[in-house]
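Counting starts at 1 for both ligands and their atoms, following the listed order. Here, residue 1 is the first one in the sequence, and each next residue gets the next number.
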Amino acid sequence: MDRPFILINSAMSADGKLSTKERKQVSISGKLDFERVDELRARTDAIMVGIGTVLSDNPSLTVKSPERKAARKAAGKSENPVRIIVDSTARTPLDADIFKKGEGIRIIAVSNSAPAENVEKLEKKALIIQTGTEKVDLSELAEKLKIIGINTLMVEGGATLNWGMLSAGLVDEIYTFVGNLIIGGATSPTFTDGEGFSEAELLELELLSSEKIENGVLLKWKIKGKKK
Ligand SMILES: NC(=O)C1=CN([C@@H]2O[C@H](COP(=O)(O)OP(=O)(O)OC[C@H]3O[C@@H](n4cnc5c(N)ncnc54)[C@H](O)[C@@H]3O)[C@@H](O)[C@H]2O)C=CC1
Ligand SMILES: Nc1nc(O)c(N)c(N[C@@H]2O[C@H](COP(=O)(O)O)[C@@H](O)[C@H]2O)n1
């Protein structure tokens with residue numbers, strides 16, 4: 001494969017929403033699910049989110065458990081996986097927590113139309129990968145990540161990036177934690193937003209497992225390909 005193995009992990013409400021109508025992050029996962037995500041983070045080579053998530057949530061995307069960070073160190077790795085933001089127009093704030101918290105490499109993926117002055121500022125904080133005309137070309141980005149040694153990539157949303165990755169055929173597995181709450185709202189982000197598929201383009205999944213975790217359920221899916 002000339003791209004990493006790519007997994008999307010998300011937490012959604014029982015009605016399929018990732019956050020509120022104000023795009024405000026809420027705890028959908030409970031303690032055990034956050035532990036599971038931390039364990040996944042510690043095992044992956046890189047974590048990727050969209051700029052929308054950075055602007056809404058200001059995540060650090062660090063490994064939280066001291067034991068897991070130490071285990072990564074003992075294995076000769078950085079405490080945190082490579083942290084990647086998909087940001088076509090280079091809007092990432094220079095004081096974002098992803099820069100302030102934790103050690104490790106940061107990558108900002110921008111398009112060729114990103115303003116040069118923004119890119120120059122971000123270059124002081126992160127490696128820049130430039131690809132795509134108006135929007136980041138996610139397939140090309142994935143190939144470049146593989147070339148620099150990223151073999152496993154965990155995408156942690158949000159809704160638009162999930163769509164971009166799925167519609168480009170770049171996802172191998174999806175882990176969704178479905179939590180015990182209803183968020184509602186036609187404009188609240190869902191697991192996959194974007195343009196959406198028409199009937200002839202639907203993606204078919206294979207259910208790998210389902211597991212009750214506290215008051216929610218973790219569903220693990222494998223992407224089979226276009227539904228016949
Ligand atoms: N519950 C959960 O597990 C998670 C929830 N969220 C929520 O999701 C929301 C953010 O989602 P969105 O606003 O949809 O933003 P997003 O995080 O999906 O970022 C979207 C941005 O990615 C950039 N992008 C560049 N090239 C792209 C391409 N080829 N395809 C797709 N996107 C591309 C675009 O600038 C686009 O605006 C927030 O409310 C956040 O709280 C985010 C992550 C996880
Ligand atoms: N797994 C999971 N469960 C939830 O309930 C969530 N709200 C999220 N959100 C994601 O986690 C990011 C925060 O990461 P840090 O704690 O700052 O490292 C957030 O941006 C979403 O990507 N995830």
All heavy atoms of D38 vs all of S65, minimum pair found to be OD2-N, 3.0 Å
Can you pull out the closest protein heavy atom to atom 13 (C) of ligand 2? Residue, atom name and distance to 0.1 Å, please. P59 CB, 3.7 Å
Quick note on ligand 2: atoms under 4.0 Å from a heavy atom of F34 include exactly 2 (C), 3 (N), 4 (C), 5 (O)
Among all protein heavy atoms in this structure, tell me which lies nearest to atom 21 (C) of ligand 2, with the distance rounded to 0.1 Å. D57 OD2, 3.7 Å
If the contact criterion is a heavy-atom separation under 4.0 Å, does L138 count as touching ligand 1? yes
Where ligand 2 meets S27 - atom numbers and elements under 4.0 angstrom, heavy-atom basis: 5 (O)
Ligand 2 to L61 polar contact by distance, N or O atoms, under 3.5 Å: yes
Could you tell me, atom by atom, which parts of ligand 2 come under 4.0 Å of a heavy atom of T53? 20 (O), 22 (O)
Have a look at S29, G52, G102 and point out the one with the heavy atom closest to atom 3 (N) of ligand 2. S29
Name the closest protein heavy atom to atom 9 (N) of ligand 2, giving the residue it belongs to and the distance to 0.1 Å. Q25 OE1, 3.1 Å
If you measure every N/O of I28 against every N/O of ligand 2, is any gap under 3.5 Å? yes
Quick one: which of R83, K73, R72 gives a salt bridge (charged side-chain N to carboxylate O under 4.0 Å, His left out) with E103? K73
pair N9-R36: side-chain heavy atoms closer than 4.5 Å: yes
Run T131 and D137 through side chain to side chain donor-acceptor pair (under 3.5 Å) and show every step you take. CA-CA 6 Å; T131 163; D137 181 327; 4.7 Å; no
Run the numbers for me: atoms of ligand 1, each under 4.0 Å from some heavy atom of R23, listed by number. 12 (P), 13 (O), 14 (O), 39 (O)
Counting only heavy atoms not in I105 (residues, nucleotides, ligands), do more than 12 fall under 6.0 Å from its CD1? no
Suppose I only count heavy atoms of G164 and a 4.0 Å limit; which atoms of ligand 1 are within that range? 30 (N)
Hey, mind stepping through T152 and R43 against side chain to side chain contact (heavy atoms under 4.5 Å, CB included) and telling me if it holds? CA-CA 9 Å; T152 54; R43 271 197 282 131; over 6 Å; no
For atom 14 (O) of ligand 2, tell me which residue out of E156, R83, R41, K64 has the closest non-hydrogen atom. R41
Give the atoms of ligand 1, by number and element, whose distance to some non-hydrogen atom of E156 is under 4.0 Å. 43 (C), 44 (C)
To which protein heavy atom is atom 17 (O) of ligand 2 closest, and what is the distance rounded to 0.1 Å? S60 N, 2.9 Å
Between ligand 1 and V86, can you find any atom pair, the residue atom being a heavy atom, that is separated by under 4.0 Å? yes
Per-atom contacts, ligand 1 versus S56 - under 4.0 Å to a heavy atom: 38 (C), 39 (O)
Nearest-contact summary for atom 34 (C) of ligand 1 - protein heavy atom, Å: I51 CG2, 4.1 Å
Among protein heavy atoms, which sits nearest to atom 26 (N) of ligand 1, and what does the distance come to when rounded to 0.1 Å? S88 OG, 3.3 Å
Any nitrogen or oxygen of N162 lying under 3.5 Å from a nitrogen or oxygen in ligand 1? Just yes or no. no
Can any side-chain N or O of R106 pair as donor or acceptor with the backbone N or O of F99 at less than 3.5 Å? yes
Residue, atom and distance of the protein heavy atom nearest atom 14 (O) of ligand 1 read T160 OG1, 2.5 Å
Quick test: of every protein heavy atom, which one is nearest to atom 11 (O) of ligand 1, and how far off is it to 0.1 Å? A159 N, 3.4 Å
Tell me: protein heavy atom nearest atom 15 (O) of ligand 1, and distance? G52 CA, 3.3 Å
The atoms of ligand 1 lying under 4.0 Å from a heavy atom of D57, numbered in the order shown, are 40 (C), 41 (O)
Distance under 4.0 Å to a non-hydrogen atom of S10: what atoms of ligand 1 satisfy this? 3 (O)
Can you tell me the protein heavy atom closest to atom 29 (N) of ligand 1 and the distance? V136 O, 3.0 Å
Is the charged tip of K227 near the ring of F197: under 6.0 Å from the six-membered ring centre and within 45° of its axis? no
Where the closest heavy atom to atom 16 (P) of ligand 1 is concerned, which of G158, S111, S13, S139 has it? G158
Nearest protein heavy-atom contact for atom 7 (C) of ligand 1: which residue, which atom, what distance? S19 OG, 3.9 Å
For K64, does the NZ atom sit with more than 12 other heavy atoms under 6.0 Å from it, leaving out its own atoms? yes
Atom indices of ligand 2, in the order listed, that fall short of 4.0 Å to a heavy atom of V37: 1 (N)
